Amino acid sequence: MKKLCAIGEALIDFIPEKKGQRLKDVVRFKRVAGGAPANVAASVARLGGKAKFITQLGNDAFGDHIMEVFQNVGLDTSDIMRTNDADTALAFVSLASDGNRDFLFYRRDCADKNLKPEDVKEDALKDCGILHFCSVDLVESPMKESHKKLINMALSQNVLVSFDPNVRLNLWDSEENCRNAILEFLPYADIIKISDEELEFISGYTNIEDALDFFFKDRCQYLIYTMGKDGAAMYRKDGSKVMAGGYKVNVFDTTGAGDSFIGAFLYQLLANDCMDLTKVSANQLESFLMFANLYAAHTTTKEGAIDAMATMEELTAFKNEVINQ
Ligand code: ATP
């Protein structure tokens, strides 16, 4: 089985001890390792796949903790850099009673944004089948240039490119800069995942069916459209569509739902050696989407992101519970 390589931010999420409060009212937080692309790589590793993560962490206690969590889930951390010149990024999160979140980020000049292209090794994609990235680390920075280098390497080595823009507007100085960065990178992706909440911001369309030409004008073969509790739809460049409904579960915290969804989907592509996206059957894709919905539904029933991601064994037990409900 080929590896997933993900690049981008890894950070400490401070999540509230109690749900249902505004961020300003939260008194106690618990620290958990996170960051969207890191969550995706961790979910592949938790499922038993091979995954590596490329980032830079501060030479500080939070960086040490993130390294420990990554090593415990079985992620390949050999390309992670450490620096004394910047801190590991932090995010404070509040959880509304319905599981939705508010964020406050401390990442003005953080370690991950300063990963230099020369620190991305020439053999970084050895044994990799898919490269995955998100948008938070596409702000003007050495890290943006590192993304470009790695994406160019992927394109020249027949490694599939997967992009989940995962819009976090409060990390950008303007909505326009965020949108422009996403638009700059969309043309390089073979697989694009967006959520219903991001569609209009990215494409200008309110209906996914109207936005298909927009997404398929470049390389994209698969457009995956997630719809929270309603599951997901997948559109293919050949005009076909596959749908899979969501699972009804008791949601505790939606942190990492989208990341675990795309992680589980990419895991299935890698585990089934589906590296030619045009040759995967509709039935197979439907089963991958169902698997990803189940995996993400499980994540919403637990606290945090990486900590919430199931192993294959835990997922099987969860499936039996959901089916017998
Ligand atoms: P995130 O909130 O992590 O940023 P996202 O906005 O990228 O996620 P969503 O569409 O909210 O993506 O959720 C991704 C997937 O997670 C859904 O397609 C579904 O499989 C699962 N999911 C999300 N919310 C729920 C829920 N309330 N109940 C069951 N499954 C859910």
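Computed from a predicted model, the values in this text were never measured in an experiment. Remember, it's 1-based here, ligands and their atoms both numbered in the order they're listed.
Residue Phe261 has no N or O atom closer than 3.5 Å to an N or O atom of ligand 1. Close N/O approach between Asp196 and ligand 1 is not found [any backbone or side-chain N/O within under 3.5 Å].
Under 3.5 Å, the side chains of Asn114 and Asp109 contain a donor-acceptor pair of N or O atoms.
Under the side chain to side chain donor-acceptor pair (under 3.5 Å) criterion, Asp190 pairs with Arg219, sequence neighbours left out. For Thr299, the side chain to side chain donor-acceptor pair (under 3.5 Å) test picks out Ser260, with sequence neighbours left out.
Only the side chain of Lys193 comes within 4.0 Å of ligand 1, judged by heavy-atom distances. In Arg168, the part holding a heavy atom less than 4.0 Å from any atom of ligand 1 is the side chain.
Taking the centre and axis of the six-membered ring of Phe214, the NZ or CZ atom of Lys217 falls inside the cone set by 45° and 6.0 Å. Cation-pi geometry between Arg179 and Phe201 is met: the NZ or CZ atom falls under 6.0 Å from the ring centre, inside 45° of the normal.
The nearest protein atom to atom 27 (N) of ligand 1, hydrogens excluded, is given as Val251 CG2, 3.3 Å; this is a heavy-atom distance. Considering only non-hydrogen protein atoms, atom 20 (O) of ligand 1 sits nearest to Asn293 OD1, 2.7 Å. Closest to atom 1 (P) of ligand 1 among all protein heavy atoms lies Arg101 NH2, 3.4 Å. The protein heavy-atom contact nearest to atom 3 (O) of ligand 1 is Gly258 N, 2.9 Å. Annotation: atom 11 (O) of ligand 1 to nearest protein heavy atom, Gly228 CA, 3.7 Å.
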